[in-house]
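Note sheet for the following structure.
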Amino acid sequence: MRDTKVKRMKMKKARRKMNWGLTVLAIPGFAFLAAFYYVPLIGIVIPFKQVDYAKGIWGSDWVGFKNFEFLFKSQDAFRITRNTLCLNAMFITLTLVSAIFLAILMNELTRKKIKVYQTAMFIPYFVSWVVASYVVYAMLSPDMGVIPNLMESAGKDPINFYATPKVWPVILTIAYLWKNIGYMTLLFYATLISIDSSYLEAAAIDGANRRQQVFKIMIPYMMPTIVMMALLQIGKIFYSDFGMFYFLTRNSGALYSTTDVIDTYVYRALRVTGDIGISSAAALYQSIVGFILVLVSNLIVKKRNNDYAIF
Amino acid sequence: MVQKKGTKTISQIIINIIFIVIALCCVVPLFYILAASFTDEMSLAKEGYHLLPTKFSLEAFKYVFKNPAQILNAYVVTIVVTVGGTLLSLLCTSMLAYVMARKDYKFRNVLSFLVFFTLLFNGGMVASYIVNTQYYNLKDTIFAMILPYIIMPWHVFLMNGFFKDTPMALIEAAKIDGASEAYIFFKIVAPISKPAFATIGLFTAFTYWNDWWLSMLYINENKLTSLQYYLYRIMNNIEFLRSSMAAGVSVDLSQIPGETARMALCVVAVGPMLIVFPFFQKYFVKGITVGSVKG
């Protein structure tokens, strides 16, 4: 009894002691984290300033909420918010659901086949959006694209996709799935195979069929990962995969009504029109709303099941 | 029993068909690019994209390699960025993740929180842009394409999940033998964590290889153009030339690389990495471990 107590005290003491060896290991990574994620946080003040490089960020004059007023009075704010939210919501649900489904199916196959399928499914993940935009162009280009040609041979009038905004939510969703499904499936599959097989065997002996095993064992087992991925993606729901929206649509003004999202808007305001005020206002709006969303959804998860909440 | 076996094979067949279809959907679009790069320019313009070249030709590749200076330069830039960035990133990421995973480390919760927080909240694109250009003076330097990606919080997270399973007894034993923390990490923990290093290393390498974002923001210098940015610029130039032609400006047509040449460029830019990645794939399943944040 006493021995363990002493041991525990010792451990506690050791735990409290500063481990310099480990600290040194963490320093380089921490320095980069600080330099590229924490220092830019001072940028939160930028939208409230009239940035003047000569005076520096801190020295510039305060302008209050003028930049935000300007942003929200324009029609752009509604359009980019709607596009960002709706498209991302669609991407997130579709990828999560299909990745979970595919991971469960994959679990039924032999390792050798899995390897082949995984390789194929992973290839798009390793293709950049620039290259993907060439691929999409090969599929959709008005006179030479695969799909317009197919439509023509089916006797239909081919659509000029690059001038038809209403088809783009579908195209973007397919492109998003195409690129990310391999990665997400692997993520869930990696969780799935760590299930202790004795659970499944015991269930089988008790007469559980495959469906019951899936819904009563596998999905509950994956739940923490599913919830975490969902929450992280919800935190990013106000951000979009810039490359996809910028390159796939070829930054075409004709398609902005359905494809312009906050990120592309901020980029254009920053690099094309050079309007730091409005672009930083849009960027801060994006950061803050995303953050609130993830806090709220985590809170909801926490209320229902504390184990699944991510913090 | 016999019947059960029967339904099992049927479900196996269905599952296989589903995956074959998905795998084809993932790969086939890329073959259109490959085929187009080997197609005769005129034939492509007339017949459109097909899975097999309608009229085989090597002209596109000849065009690309006739004036190789620029693409070679882009290759060199990309390789330097990818190799340098990946090594530095793996080193910093793995050390940070390892320290976070050590249950006996005093500040592990603080560290985990600081890493995790960046996944949820950041200063945004404009702030990073101003800090990187005004304070760190990264504009038009090769570091602009390397440093911002050294620490990617999600990768720290994945590695942390892996290191959490390192048996503490191993570390304790080494400590009793008088090994330093650095020695323990590099000589004992790292060698048994090969899957994590291979997987995260590959993801990092692809992040660098495929990056156009940092070049687009920070690079104006022609000498520092990376492969992806080069590809993007070609695409962009063509759009620009097209629109100015439509606006009635006379354009020297020989300046525009043809459709097939652009596809050949694409193949040249993507090919090497896609050949590399299957060799790393055996580590993937083990290497990806989504640990929990709460520890």
Side-chain angles (χ1 to χ4, degrees), chain A residues 14-16 18-19 21-22 25-26 28-30 32-33 36-37 39-41 43-44 46 57 105 108-109 117-121 123-124 126-128 130-131 134-135 138-139 144-146 149 178 186-187 190-191 224-225 228 232 235 250 266 270 276 279-280 283-284 286-287 291 294 310-311, chain B residues 15 18-19 22-23 26-27 29-30 32-33 36 44 48-49 92-93 95-96 98-99 102 104-106 111 114-115 118-131 148 150-151 180-182 185 206 210 212 228 231-232 239 266 270 273-274 277-278 281 284-285 288-290 292-293:
Chain A
R15 185 176 278 191
R16 249 188 264 132
M18 181 68 179
N19 185 334
L22 283 179
L25 285 183
F30 183 73
F32 279 107
L33 187 77
F36 289 97
Y37 292 90
V39 173
L41 284 185
I44 289 174
I46 295 172
I57 293 177
L105 284 188
E108 303 284 316
L109 298 172
Y117 297 143
Q118 258 176 6
T119 309
M121 286 165 69
I123 285 174
F126 289 134
V127 166
S128 74
V130 180
V131 173
Y134 281 67
V135 175
M139 295 292 130
M144 299 180 293
V146 175
N149 274 349
W178 179 72
L186 176 70
L187 218 60
T191 315
T225 312
M228 188 168 96
L232 284 177
R250 315 190 129 204
V266 173
L270 177 68
I276 292 179
S279 70
S280 61
L284 185 62
Q286 177 184 40
S287 296
F291 190 53
V294 84
I310 49 177
F311 46 84
Chain B
I15 292 173
I18 292 176
F19 276 103
I22 292 173
C26 285
V27 180
L30 292 166
Y32 279 100
I33 300 283
L44 183 76
Y49 286 88
C92 295
T93 306
M95 292 194 302
L96 184 61
Y98 170 69
V99 175
R102 275 282 294 268
D104 55 342
Y105 185 59
K106 195 176 172 186
L111 268 186
L114 286 175
V115 172
T118 59
L119 278 176
L120 302 178
F121 189 78
N122 61 58
M125 183 196 302
V126 183
S128 310
Y129 180 76
I130 290 179
V131 168
I150 295 290
I151 291 291
S180 69
E181 292 292 356
F185 177 67
F206 267 101
N210 281 338
W212 33 266
Q228 302 290 335
L231 273 181
Y232 159 67
E239 292 296 299
C266 233
V270 186
M273 282 306 261
L274 287 187
F277 114 84
Q281 214 211 345
F284 273 20
V285 175
I288 292 195
T289 319
V290 187
S292 70
V293 187

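Chain letters run A, B, ... following the sequence lines, proteins first and then strands; every chain starts at 1. Quick note: numbers below take in every heavy atom, side chains included, and nothing from hydrogens, waters or symmetry partners.
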Among the options [options], pick out the one with the most heavy-atom pairs lying under 4.5 Å from chain A.
options                        : result
B:I150, B:V27, B:I22, B:V115   : B:I150
B:S180, B:S128, B:A127, B:A182 : B:A127
B:C26, B:C92, B:A23            : B:C26
B:L114, B:I18, B:L30           : B:L114

Name the region of [X], side chain, backbone, both or neither, that has any atom closer than 4.5 Å to a heavy atom of chain A.
X      : value
B:L120 : both
B:L111 : side chain
B:Y32  : side chain
B:I33  : side chain
B:L231 : both
B:T118 : both
B:Y232 : both
B:T93  : neither

Heavy-atom pairs under 4.5 Å with chain B are the metric here; pick the option from [options] that has the most.
options                       : answer
A:V135, A:V294, A:T119, A:L41 : A:T119
A:F30, A:Y134, A:F291, A:W178 : A:Y134
A:A120, A:G145, A:P224, A:G21 : A:A120
A:S280, A:P124, A:A138        : A:A138

Between CG on residue A:L109 and CD on residue A:Q118, distance to nearest 0.5 Å: 10.5 Å

Would you say [X]'s side chain and [Y]'s backbone share a donor-acceptor pair under 3.5 angstrom?
X      : Y      : value
A:S287 : B:F121 : no
A:Y37  : B:I151 : yes
B:N210 : A:F126 : yes

Using non-hydrogen atoms only, which part of [X] is less than 4.5 Å away from chain B: side chain, backbone, both, or neither?
X      : value
A:I46  : side chain
A:N149 : side chain
A:L22  : both
A:I123 : both
A:L232 : side chain
A:M121 : both
A:E108 : both

Closest non-hydrogen atom pair, A:A283 against B:V126: CB-CG2, 4.4 Å

Smallest separation among heavy atoms of A:A26 and B:L96, with atom names: O-CD1, 3.8 Å

Flag side-chain contact, heavy atom, 4.5 Å: B:R102 against B:E181: yes

